[in-house]
Amino acid sequence: MQSDSALRLVWIYPDLLSTYGDQGNVLVLEQRAQRRGIPVETVHVRSADPVPEGGDIYLIGGGEDRPQILAAERLRRDGGLHRAVARGAALLAVCAGYQIMGTTFGGEEGQPVVGIGLIDIASGRGEGRAVGELAGEADPALGIPTLTGFENHMGVTRLGAGVRPLARTAIGTGNGDGTEGCHIGRIVGTYLHGPALARNPGLADLLLGWAVGAQLPPIDDTWFERLRQERLAAVLPR
């Protein structure tokens, strides 16, 4: 992020992948940046438009099988997201968007579909649908609290070399192997809805910190953290 410019958020393909309220992630980043006096510009990139390369944080959400396949095809042809990440931009990819980032994912009949190959993960169809609360302890390297959200997917995801789990699951399915999501560099992939950043402001601030290249001044989230802990206590195994 340039010191004399606004933080640039890029919301990718809301006309294809915005089924589960994931646009709320954009709103949370806008609000938490503005509370710190950071000016924000948000670009909504529809699937017929090129993905701009000059953003600071890119976001892509979840959706159904056919829009997911179409989104993958268009992102592969476009190449703008690859170039932005190579330049150092941060990325949050949720559910269907998370699967697209890998080498393959499961299509409408479970057949493998080629992803965009941005990170070394591969997804397929699980035996049943994962629906319900998802929570887990975040990778200690990220320095963020317990993650929580809602999952609704049939995916199982295998992480390749150098890709770390975002969290270890305490409840829910996530990747299907006791882990949830992934991270590598400034890329975060997750199955968390809710939306994810509304449920997990620490994750939102992690992305913002990567984008601005500096430690963020704190925000008083005391009231929200109390509610979050109550919610965690209600869903986590005793």
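Note that the numbering runs from 1 along the sequence shown for the chain.
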Are [X] and [Y] close enough for a salt bridge, meaning some N to O gap below 4.0 Å?
| X | Y | result |
| --- | --- | --- |
| Arg36 | Asp205 | yes |
| Arg32 | Asp221 | yes |
| Glu225 | Arg228 | yes |
| Arg66 | Glu108 | yes |
| Arg83 | Glu53 | yes |

Just verifying a value: how many Å separate [X] [atom1] and [Y] [atom2], rounded to the nearest 0.5 Å?
| X | Y | atom1 | atom2 | answer |
| --- | --- | --- | --- | --- |
| Leu147 | Thr190 | CG | OG1 | 7.0 Å |
| Glu137 | Ile144 | CD | CD1 | 10.5 Å |
| Arg231 | Arg199 | CZ | CZ | 5.5 Å |
| Gln229 | Thr146 | CD | OG1 | 7.0 Å |
| Leu134 | Ile171 | CG | CD1 | 8.5 Å |
| Leu91 | Tyr58 | CG | OH | 9.5 Å |

Can you tell me if [X] has over 12 outside heavy atoms packed within less than 6.0 Å of its [atom1]?
| X | atom1 | answer |
| --- | --- | --- |
| Gln111 | CD | yes |
| Glu230 | CD | yes |
| Arg35 | CZ | yes |

(request) Starting from the C-alpha separation in whole Å, work towards a yes-or-no answer on side-chain contact (heavy atoms from CB on, under 4.5 Å) for Arg46 and Tyr13. (result) CA-CA 5 Å; Arg46 297 181 68 83; Tyr13 298 172; 6.0 Å; no
Answer yes or no: is there a donor N or O on one side and an acceptor on the other, between the side chain of [X] and the main chain of [Y], under 3.5 Å?
| X | Y | value |
| --- | --- | --- |
| Arg87 | Gly55 | yes |
| Asp22 | Ser18 | no |
| His183 | Ala167 | no |
| Asn200 | Thr148 | yes |
| Asp220 | Thr222 | yes |
| Asp56 | Ala211 | no |
| Asp139 | Leu166 | no |

Heavy-atom pair with the smallest gap, counting every atom of [X] and [Y]:
| X | Y | result |
| --- | --- | --- |
| Ile69 | Gly107 | CD1-CA, 4.2 Å |
| Ala90 | Trp210 | CB-CE3, 4.2 Å |
| Ser123 | Thr157 | OG-OG1, 2.8 Å |
| Cys95 | Gly62 | CB-CA, 4.1 Å |

Given side chains that start at C-beta, do those of [X] and [Y] come closer than 4.5 Å, heavy atoms only?
| X | Y | value |
| --- | --- | --- |
| Ser47 | Asp15 | yes |
| Ile184 | Arg164 | no |
| Val28 | Asn25 | no |
| Thr42 | Glu30 | yes |
| Leu7 | Glu41 | no |
| Val113 | Thr104 | no |
| Glu151 | Glu180 | no |
| Ile121 | Arg158 | no |

(request) Starting from the C-alpha separation in whole Å, work towards a yes-or-no answer on side-chain contact (heavy atoms from CB on, under 4.5 Å) for Leu208 and Ile38. (result) CA-CA 10 Å; Leu208 288 171; Ile38 301 170; 5.8 Å; no
(request) Tell me, with the steps shown, if Arg125 and Asp65 meet salt bridge (Lys or Arg N to Asp or Glu O under 4.0 Å). (result) CA-CA 11 Å; Arg125 287 288 186 97; Asp65 293 336; 2.7 Å; yes
(message) Testing Leu197, Ile57, Leu206 one by one against Leu92 for a side-chain contact (heavy atoms from CB on, under 4.5 Å), which residue passes?
(response) Leu197
Is it the case that one hydrophobic cluster holds both [X] and [Y], taking links as side-chain heavy atoms less than 4.5 Å apart, direct or via other members?
| X | Y | answer |
| --- | --- | --- |
| Leu70 | Met101 | yes |
| Met154 | Val156 | no |
| Leu216 | Val188 | yes |
| Ile12 | Tyr20 | no |
| Val43 | Leu27 | no |

(message) Classify the ring geometry of Tyr191 against Tyr98: parallel below 30°, tilted from 30° to 60°, perpendicular beyond 60°.
(response) perpendicular
Do we see a donor-acceptor contact under 3.5 Å between the side chains of [X] and [Y]?
| X | Y | answer |
| --- | --- | --- |
| Asn175 | Thr179 | yes |
| Gln68 | Glu64 | no |
| His193 | Asn152 | no |

(request) In sequence, state the C-alpha distance, the side-chain angles, and the governing distance for Val94 and Leu192, and then conclude on side-chain contact (heavy atoms from CB on, under 4.5 Å). (result) CA-CA 7 Å; Val94 177; Leu192 294 173; 6.0 Å; no
(request) Would you sort out whether Val114 and Thr103 count as a side-chain contact (heavy atoms from CB on, under 4.5 Å), showing the intermediate values? (result) CA-CA 6 Å; Val114 178; Thr103 56; over 6 Å; no
